[in-house]
Amino acid sequence: MKRILLLMFASLLTMGIHAQNLLENGGFESWTNDTPDAWKSANSASNATLEQSTDAYAGQYAVLVKGASGNKRLGSKEMSLEAGEYQLTFYAKALTEGGQARPGYAPFTLADGKYTMGNYVYGSYANLSVSEWTKVTYDFTLTATTDLNIVVMNPKNLGDILIDDISLVLTKKIDNQPQVDISNTPETAYTVAKAIELINAGEGLDKPVYVKGIITSIKEVSTQYGNATFDIKDAVSDDAPAVTVYRCKDFNNQKITDENVIKLNDEIIVYGTLKLFGSTPEVTNGYFYSINGTSTAIEAVAADKAQQQVIFNMAGQRINQLQKGINILGGKKVLVK
């Protein structure tokens, strides 16, 4: 009998560990400056307007996620989850007929103080009622330790929704297996052929990489949205499949403001995440690293650093300080905007 009780206690203890809610303030009872604590991301994962609501599933408050003409996301603060199987659960209600909610997560990397978002991962759309709360459950698996934000999407043009009692629990641990690391440097940027090979292999694609190529087709340069979509190949005459660079931003991950920033036959290095979209190999969530060998300077490079190096203009003349345009600093071309 004593042995049975001990086994039951051990089982309950294990269940308790796995059932621990990994999300802070999942009941949305704690608010600061009209924002639910732990539910504002430092990156772009959360983009919805939130309001406190007393129409709650449990407790005093729920969070109202405002609808808009574009998809809007309730996003948690940044967190790191170990490899394992997880279950995300919450209760939701629509304020207008036809409302939906879509659970998921947004992986990211953080380097030099800058966030680079990976490909958002979502479950199914859940149809919501206006008269009663709907329980929404989403199961997902992480094969490696992952930095991410938990998100709930309010799809575009469907009105406001309420979310309450959200929880994330680890249901099964997975032993970490050696992961393929494809990260590289600008000096070792992958060719288009190598990028396609990596995409087809499908391993290590959660990390952004540098890819170099020649621009062979420009599909769009949007100063309204601040990005560009274009194709690159290893050679202009190359008949091999191209890689599409999708919605790429300007240098330093800034929005594009010049519609002539790129042109056909430019040699470019981009930094982004490799992905297979349907049958199209892509670089997504990226930005320009260099164009024709020129990379941009951040805020014209710190003055003290510049003073330690000899600066020349493109005519080969020595100058005292960085000037607008292309400069030669430390033997490298630097663009100052």
Side-chain angles (χ1 to χ4, degrees), residues 22-57 61-79 86 88-108 115-138 140 146-168 222 224-227 246-247 249 253 255 273 275 277 284-285:
L22 301 175
L23 295 172
E24 295 181 32
N25 193 29
F28 302 103
E29 297 300 304
S30 177
W31 292 68
T32 303
N33 296 327
D34 298 322
T35 300
D37 294 342
W39 289 93
K40 182 176 178 59
S41 66
N43 54 39
S44 59
S46 57
N47 67 347
T49 298
L50 307 178
E51 294 181 2
Q52 187 182 75
S53 173
T54 55
D55 183 0
Y57 173 79
Y61 304 117
V63 61
L64 185 150
V65 184
K66 299 289 290 183
S69 58
N71 295 330
K72 295 298 177 182
R73 298 179 299 272
L74 166 69
S76 72
K77 71 177 187 179
E78 290 68 31
M79 59 195 307
Y86 293 86
L88 176 66
T89 304
F90 59 89
Y91 291 84
K93 186 163 66 171
L95 297 188
T96 56
E97 293 289 347
Q100 294 181 327
R102 192 181 189 190
Y105 63 90
F108 66 85
Y115 287 95
T116 300
M117 303 305 296
N119 299 313
Y120 286 66
V121 182
Y122 287 107
S124 301
Y125 290 92
N127 295 318
L128 306 180
S129 167
V130 296
S131 59
E132 59 185 20
W133 289 88
T134 299
K135 184 178 181 179
V136 181
T137 301
Y138 170 50
F140 63 93
T146 305
D147 295 327
L148 54 78
N149 305 82
I150 293 298
V151 295
V152 178
M153 178 202 293
N154 182 3
K156 61 183 179 181
N157 300 321
L158 295 182
D160 303 342
I161 62 174
L162 294 171
I163 305 293
D164 201 4
D165 268 21
I166 186 167
S167 67
L168 176 69
S222 171
Q224 178 182 359
Y225 297 105
N227 57 52
Y246 183 70
R247 293 183 177 177
K249 290 187 177 180
N253 206 22
K255 288 187 175 181
T273 306
K275 175 185 178 181
F277 182 74
T284 65
N285 300 303

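Positions are given from 1 along the sequence.
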Residues K93, E132: salt bridge by 4.0 Å N-O rule:
no
Can you tell if the side chain of M153 reaches within under 4.5 Å of the side chain of Y122, non-hydrogen atoms only?
yes
So, for F28 and Y61, is the gap between ring centers shorter than 6.0 Å?
no
Begin from the C-alpha positions of V65 and V152 and carry the test side chain to side chain contact (heavy atoms under 4.5 Å, CB included) through to its verdict.
CA-CA 9 Å; V65 184; V152 178; over 6 Å; no
So do K66 and E51 actually touch side chain to side chain, heavy atoms under 4.5 Å?
yes
Start with the C-alpha gap between L74 and N154, add the side-chain angles, then the distance that decides, and say whether side chain to side chain contact (heavy atoms under 4.5 Å, CB included) holds.
CA-CA 8 Å; L74 166 69; N154 182 3; over 6 Å; no
Donor-acceptor pair, distance only, cut-off 3.5 Å: does the side chain of S129 make one with the backbone of T134?
no
Side chain proximity check, I163 to L64, heavy atoms < 4.5 angstrom
no
Kindly check if the number of other-residue, nucleotide or ligand heavy atoms within 6.0 Å of OH (Y246) is above 12?
no
Any side-chain heavy-atom pair from L162 and V63 closer than 4.5 angstrom?
no
Assess the side chains of Y125 and R102: does a donor N or O sit below 3.5 Å from an acceptor N or O?
yes
Applying side-chain contact (heavy atoms from CB on, under 4.5 Å) between Y138 and each of Y86, Y105, F90, report the one that passes.
Y105
Please determine whether the number of non-hydrogen atoms from other residues, nucleotides or ligands lying under 6.0 Å from atom CG of N157 exceeds 12.
yes
Main-chain N/O of N43 paired to S41 side chain as donor or acceptor, under 3.5 Å
yes
Just checking, any donor-acceptor pair under 3.5 angstrom between side chains of T273 and N119?
no
I'd like to check K135 versus T89 (side-chain heavy atoms, cut-off strictly below 4.5 Å). Are they in contact?
yes
Over all atoms of both residues, closest heavy-atom pair of D164 and G27
OD1-O, 3.2 Å
Is it true that a side-chain atom of W39 and a backbone atom of N25 form a donor plus acceptor pair closer than 3.5 Å?
yes
Which word best sums up how the rings of Y57 and W133 line up, parallel for under 30°, tilted for 30 to 60°, or perpendicular for over 60°?
perpendicular
Between N127 (side chain) and Q100 (backbone), is there a donor-acceptor pair under 3.5 Å?
no
From CA spacing to verdict: side chain to side chain contact (heavy atoms under 4.5 Å, CB included), L128, I161
CA-CA 9 Å; L128 306 180; I161 62 174; 3.9 Å; yes
Could you tell me if N227 and S222 have a donor-acceptor pair between their side chains, going purely by distance under 3.5 Å?
no
For K40 versus T35, what's the shortest heavy-atom pair and its separation?
CB-CG2, 4.1 Å
